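Only one structure is covered here, and it is reproduced in the block below.
Treat the numbers as computed from the prediction; the structure is a model and nothing was measured. Index from 1, following the sequence.
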Amino acid sequence: MRKHIIIGLGWLGSPLAMHFLSAGLSVSGTTRNSEKAQFLASKGIQTLLFDLYENDITAIPWDIFQDANVVINIPPGRKGFEPTLFIERMKLLFDYILLHHAHHICFISTTSVFGALEGRINNDSALVPNTPSGNAHVELELYLKDMAMASATKPQGDAIKACLVTQPDTPSTSAIGFSCSVLRLAGLVGKDRHPITTLSQKSNIALGRNPVNLIHQQDVIQVICAVLQHAERKKHDSDSLEMTNSLLECNFYAANLCSLEHPTREGYYTWCAQQKGIRNPQFTPDTREFANGKWIDAEQTISQLQVKLHYPSPYNMLE
């Protein structure tokens, strides 16, 4: 049974771990919170205390990565974000995971990699970040892509030599069939998380006619599972020498994830406030002759992964 490791047992990572556990899978993970570590351990999830900025990468025992699916979900943080350090530490983590025989890395990214692009944004749209977080995620996405493609085109030993991290007394080749995926998430919504909570307290909100881009926690979890199933299928095909049209033909897959409907921000969030009986968010008049904005198209992702969203519309997400 393949192991599942979640680096970052936070708002998304913890329920993902519980989902894996309920499916009878072996689950381990990391958190910065000692109380959360104790709680998750009591549920049967091996939990390690780890802080990307404070701890050496080797604080995570290398053997847990062997032949494992690794989901990395470490947001950069909004306060005190240090882009250079974040990028450096994440690359070291990627290298460490590859070096120790991981089967697959699924990196949780963000639609901020598309910056100020407007109109329909699909999986193949240009990456043009315009924020520190967006820039950092683009660099990390490209690093993973290079790592995965090197693994696909070079002998495994050569791929390992490209890594920056070296550890004594450990295997010298990476896991056969190693691959990477990137999931770029729109705004996250769940049982205890919705933008209207903070927007209802604000005034002078601009761009009210721009589209809403949200995705529900449960749909993120099911898509992560679908991606890992494709990675498993690729490994099976490689072992059996079958030739199929795999999403991971070059050992890499990047996809956007968002709901299928995109109402206007003003219309949707005003509706949300009315449904909850709270103050309406106050939008400034949007008098633009042509209001386009950015809408994240996930149709391709949903079709490729053959999933059906539990929450296809933002109007389904209000709880």
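- Nearest approach of T264 to G208, heavy atoms of both residues: CB-O, 3.6 Å.
- Remark: side-chain polar atoms of E82 are not paired, donor with acceptor, to backbone N or O of I87 under 3.5 angstrom.
- Residues passing the side-chain contact (heavy atoms from CB on, under 4.5 Å) test with E299, sequence neighbours excluded: L260, D297.
- Relative ring orientation between H194 and Y268 is described as tilted, the plane-to-plane angle lying within the 30° to 60° band.
- By the 30° and 60° cut-offs, the orientation of the rings of H137 relative to F107 is parallel.
- A distance of 8.0 Å separates CG of N256 from CD1 of I121, quoted to the nearest 0.5 Å.
- Across every non-hydrogen atom of N122 and F114, the tightest pair is O-CZ, 4.0 Å.
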Under the side-chain contact (heavy atoms from CB on, under 4.5 Å) rule, what do I6 and L12 come out as? Steps first, then yes or no, please.
CA-CA 10 Å; I6 302 170; L12 175 61; over 6 Å; no
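- Residues L309 and S259 share a closest heavy-atom pair of CD1-CA, 4.1 Å.
- Judged by distance alone, the side chain of Q201 and the main-chain N or O of T197 form a donor-acceptor pair under 3.5 Å.
- A donor-acceptor pair shorter than 3.5 Å can be found between the side chains of N123 and T301.
- What you find for P76 and Y53 is that their closest heavy atoms are O-OH, 3.6 Å.
- For the residue pair E261 / S313, a side-chain donor-acceptor distance below 3.5 Å is found, with atom types taken as modelled.
- Here the closest heavy-atom approach between residue A226 and residue V307 is recorded as CB-CG1, 3.8 Å.
- With rounding to the nearest 0.5 angstrom, the CD atom of Q217 is 10.0 Å from the CG atom of D219.
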Name the atoms and distances for all side-chain donor-acceptor pairs under 3.5 Å in residues 34-45, with sequence neighbours left out.
residue, atom, partner, partner atom, Å
K36, NZ, L9, O, 3.1
S42, OG, F39, O, 2.4

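- Of the possible polar contacts, none joining the S151 side chain to the M147 backbone as a donor-acceptor pair under 3.5 Å is found.
- For N251 (side chain) and F178 (main-chain N/O), a donor-acceptor pair under 3.5 Å exists by modelled atom type.
- Contact record, V182 with S109: CG1-CB, 3.7 Å, taken as the closest heavy-atom pair.
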Could you check I215 against L188 for side-chain contact (heavy atoms from CB on, under 4.5 Å), going step by step and ending with a plain yes or no?
CA-CA 5 Å; I215 186 66; L188 288 166; 3.9 Å; yes
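- A 4.5 Å side-chain heavy-atom check between F94 and I72 finds at least one atom pair inside the cut-off.
- In this model, no donor atom of one side chain and acceptor atom of the other lie less than 3.5 Å apart for Q66 and D63.
- Under the 3.5 Å distance criterion, the side-chain polar atoms of H262 are matched with a main-chain donor or acceptor of I296.
- At least one donor-acceptor pair closer than 3.5 Å links the side chain of S22 to the backbone N or O of H19.
- At a cut-off of 3.5 Å, with distance as the only test, a side-chain donor of Q304 or Y253 sits close to an acceptor on the other residue.
- Under the 3.5 Å distance criterion, with hydrogens and angles disregarded, no donor-acceptor pair is assigned to the side chains of N210 and W295.
- Annotation: the span from C225 atom SG to H4 atom NE2 amounts to 7.0 Å, rounded to 0.5 Å.
- The closest side-chain donor-acceptor pair between T58 and D56 falls under 3.5 angstrom.
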Verdict with reasoning, Y96 to W62, per ring pair (Phe, Tyr, Trp, His ring centres under 6.0 Å):
CA-CA 8 Å; Y96 188 68; W62 62 265; 8.6 Å; no
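- Between the side chain of K3 and the main chain of I64, a donor-acceptor pair closer than 3.5 Å is present.
- Under the 6.0 Å cut-off for aromatic ring centres, Y311 and H216 qualify, their centroids lying closer than that.
- Between I97 atom CD1 and I7 atom CD1 the span is 5.5 Å, to the nearest 0.5 Å.
- At a threshold of 4.5 Å between non-hydrogen side-chain atoms, the residues V70 and C106 do not count as touching.
- Side chains of H104 and S181: a donor-acceptor N/O pair is present below 3.5 angstrom, by distance only.
- Interatomic distance, Q274 CD to S200 OG, rounded to the nearest 0.5 Å: 12.5 Å.
- Note on residues 279-296: pairs passing salt bridge (charged side-chain N to carboxylate O under 4.0 Å, His left out), not counting sequence neighbours, are D286-R288.
- No donor-acceptor distance shorter than 3.5 angstrom exists from the side chain of S14 to the backbone of W11, with no hydrogens or angles considered.
- Taking 4.5 Å as the limit, every side-chain heavy atom of I205 sits out of range of all side-chain heavy atoms of Q282.
- Between L228 atom CG and N69 atom CG the span is 4.5 Å, to the nearest 0.5 Å.
- Side-chain contact between I224 and I108: present, with at least one pair of heavy atoms (C-beta onward) separated by less than 4.5 Å.
- Salt-bridge check for E232 with R2: passed, with a basic side-chain N closer than 4.0 Å to an acidic carboxylate O.
- Using a 4.5 Å cut-off on side-chain heavy atoms (C-beta onward), P195 and V189 make contact.
- Residues R184 and E141 are paired through a salt bridge, judged by an N-O separation under 4.0 Å between the basic side chain and the carboxylate.
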With side chain to side chain donor-acceptor pair (under 3.5 Å) as the test, would you mind laying out the steps for D95 and Y143 before giving the verdict?
CA-CA 10 Å; D95 291 342; Y143 190 83; 2.8 Å; yes
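- Within the 3.5 Å criterion, the main-chain N or O of G8 finds no donor-acceptor partner in the side chain of R32.
- Contact check for I5 versus F65: side-chain heavy atoms found under the 4.5 Å cut-off.
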